[in-house]
Amino acid sequence: MAFRSRRFEPVPPSERRRRSRRAARLLVRHDSGVLLFRDTDPGVPGATWWTTPGGGVDAGETWFEAALRELREETGFVCPSDGLIGPIAERRVVHGYSDQITEQHELFFEVWISDSQRSAGISTDGFTEGERLTLVEHRWVTVDDLPGLTVWPSNLARLLERGDVPMLQLGSVEESTVPVSDSGATPRGC
């Protein structure tokens with residue numbers, strides 16, 4: 001079953017399918033704000049977190065091409081190729097959900113949008129069926145807003161304040177609603 005055709009039905013932790021993919025993530029910036037989407041796991045009612053736009057790198061696609069496509073699909077913003085900055089960070093992440101475990105090699109890119117783009121608003125017309133189900137809200141936030149939110153990546157503030165560092169190595173982390181290693185743990189979310 002393809003990643004994009006999940007059924008979002010909870011299964012016992014030991015029976016969750018494992019998926020691996022490469023994913024391009026985006027820091028969509030305007031003034032002091034960054035765009036985040038509130039994501040959910042339908043198999044864990046009430047579990048929510050905020051995440052950056054982005055998604056899987058399709059077959060035959062470069063990381064850069066995937067970042068530009070994901071930007072267009074998830075926000076409606078079109079960016080010329082010379083407007084995309086990066087990659088600015090790299091990490092490996094494991095996400096444990098109620099129905100699957102996703103292992104991702106992620107590269108982060110940054111794009112600054114204009115006042116007119118921000119005024120035009122976000123278009124989610126390019127969302128997949130799964131994204132329409134799980135991504136329930138979007139919001140512009142500042143670094144000062146982050147301490148009150150559950151955010152994936154959890155070190156988003158570090159990315160936003162990286163300064164002149166050309167490429168951050170963020171290591172390997174787990175961000176899960178149903179932890180991968182401890183099936184009895186309480187789901188995380190806000």
Side-chain angles (χ1 to χ4, degrees), residues 1-9 17 19-31 33-44 47-91 93 95 97-142 145 149-153 156 159-160 175 177 189:
M1 181 181 298
F3 179 84
R4 292 183 183 188
S5 61
R6 293 171 57 190
R7 294 191 319 212
F8 301 103
E9 297 173 2
R17 296 171 302 153
R19 300 282 183 230
S20 295
R21 70 178 191 166
R22 297 180 308 151
R25 308 301 307 176
L26 291 147
L27 302 183
V28 179
R29 311 282 303 268
H30 181 267
D31 290 335
V34 63
L35 178 65
L36 297 179
F37 287 94
R38 188 165 59 97
D39 204 349
T40 63
D41 181 345
V44 182
T48 68
W49 61 96
W50 293 89
T51 189
T52 60
V57 178
D58 290 338
E61 193 175 43
T62 67
W63 292 92
F64 199 81
E65 291 166 338
L68 290 172
R69 177 184 50 76
E70 289 290 338
L71 177 68
R72 185 181 63 256
E73 288 176 358
E74 294 191 0
T75 68
F77 298 140
V78 177
C79 174
S81 59
D82 64 353
L84 189 64
I85 302 165
I88 61 167
E90 177 178 32
R91 74 175 185 164
V93 62
H95 294 300
Y97 301 105
S98 59
D99 62 335
Q100 75 179 23
I101 297 169
T102 304
E103 299 171 356
Q104 291 188 157
H105 176 201
E106 296 180 336
L107 290 183
F108 287 82
F109 296 84
E110 185 173 59
V111 62
W112 289 83
I113 65 162
S114 67
D115 291 340
S116 62
Q117 287 174 302
R118 169 100 189 244
S119 295
I122 304 299
S123 170
T124 58
D125 291 345
F127 273 14
T128 64
E129 183 179 329
E131 289 165 341
R132 289 184 195 289
L133 177 66
T134 64
L135 298 176
V136 296
E137 179 183 1
H138 64 269
R139 177 188 304 174
W140 291 93
V141 301
T142 66
D145 298 325
L149 302 173
T150 299
V151 179
W152 296 0
L156 180 59
L159 283 171
L160 297 174
E175 294 169 336
T177 58

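Since this is a predicted model, take the numbers as computed values, not measurements.
- The distance from the CD1 atom of Ile113 to the CG atom of Asp31 is 9.0 Å, given to the nearest 0.5 Å.
- A side-chain donor-acceptor contact under 3.5 Å links Arg25 to the backbone of Gly54.
- The side chain to side chain donor-acceptor pair (under 3.5 Å) test applied to Arg29 returns Glu110, not counting sequence neighbours.
- With rounding to the nearest 0.5 Å, the separation of CZ in Arg17 from CD1 in Ile101 is 11.0 Å.
- Within the 4.5 Å cutoff, the side chain of Thr48 has no heavy atoms near those of the Thr150 side chain.
- Atom-to-atom distance recorded for Leu35:CG and Thr52:OG1 is 9.0 Å, nearest 0.5 angstrom.
- Nearest heavy-atom pair across Gly83 and Val111 is O-CG2, 3.8 Å.
- In this structure, the side chains of Ile122 and Thr124 come closer than 4.5 Å at one or more pairs of heavy atoms.
- Listed by first and then second residue, the ring pair (Phe, Tyr, Trp, His ring centres under 6.0 Å) pairs that reach into residues 100-134 are Phe37-Phe127, Trp63-His105, sequence neighbours excluded.
- Summarising the geometry, atom CZ belonging to Arg91 is positioned 8.0 Å from atom CD belonging to Gln104; distances are rounded to the nearest 0.5 Å.
- Taking Ser20 as the reference, Glu103 meet the side chain to side chain donor-acceptor pair (under 3.5 Å) condition, with sequence neighbours excluded.
- Side chain to side chain, Gln117 and Ser119 fail the donor-acceptor criterion of an N or O pair below 3.5 Å.
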Exercise for review: Carefully, step by step, assess Leu156 and Trp50 under the rule side chain to side chain contact (heavy atoms under 4.5 Å, CB included).
Suggested key: CA-CA 10 Å; Leu156 180 59; Trp50 293 89; over 6 Å; no
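- A salt bridge does not link Arg69 to Glu65: none of the charged side-chain nitrogens sits closer than 4.0 Å to a carboxylate oxygen.
- Residue pairs meeting the salt bridge (charged side-chain N to carboxylate O under 4.0 Å, His left out) criterion with at least one member in residues 112-125, sequence neighbours excluded, do not occur.
- Using bins of under 30°, 30° to 60° and over 60° for the plane-to-plane angle, the ring pair Trp152/Tyr97 lands in the tilted bin.
- In this view, Leu133 and Phe8, Pro42 satisfy the side chain to side chain contact (heavy atoms under 4.5 Å, CB included) rule, not counting sequence neighbours.
- Remark: side-chain polar atoms of Glu70 are not paired, donor with acceptor, to backbone N or O of Ala67 under 3.5 angstrom.
- Panel note: side chain Asp41, backbone Thr177; no donor-acceptor pair is recorded below 3.5 Å.
- Of the possible polar contacts, none joining the Glu74 side chain to the Leu71 backbone as a donor-acceptor pair under 3.5 Å is found.
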Practice item. List the steps and the verdict of side chain to side chain contact (heavy atoms under 4.5 Å, CB included) for Ser81 and Leu68. Key: CA-CA 8 Å; Ser81 59; Leu68 290 172; 4.2 Å; yes
Exercise for review: Decide side chain to side chain contact (heavy atoms under 4.5 Å, CB included) for Leu160 and Val34; before the verdict, give the C-alpha distance in whole Å, the side-chain angles of both, and the deciding distance to 0.1 Å.
Suggested key: CA-CA 8 Å; Leu160 297 174; Val34 63; 3.8 Å; yes
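- By the side chain to side chain contact (heavy atoms under 4.5 Å, CB included) test, Asp145 is found to be paired with Val141, Thr142, residues two or more places apart in sequence or in another chain being considered.
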Point to revise | side chain to side chain contact (heavy atoms under 4.5 Å, CB included) between Leu107 and Phe64, intermediate numbers included | key: CA-CA 9 Å; Leu107 290 183; Phe64 199 81; over 6 Å; no
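- Taking CZ from Arg38 and OG1 from Thr134, the interatomic distance works out to 11.0 Å, rounded to the nearest 0.5 Å.
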**Study point:** Working for side chain to side chain donor-acceptor pair (under 3.5 Å), residues Thr51 and Asp39
**Key:** CA-CA 7 Å; Thr51 189; Asp39 204 349; 5.5 Å; no
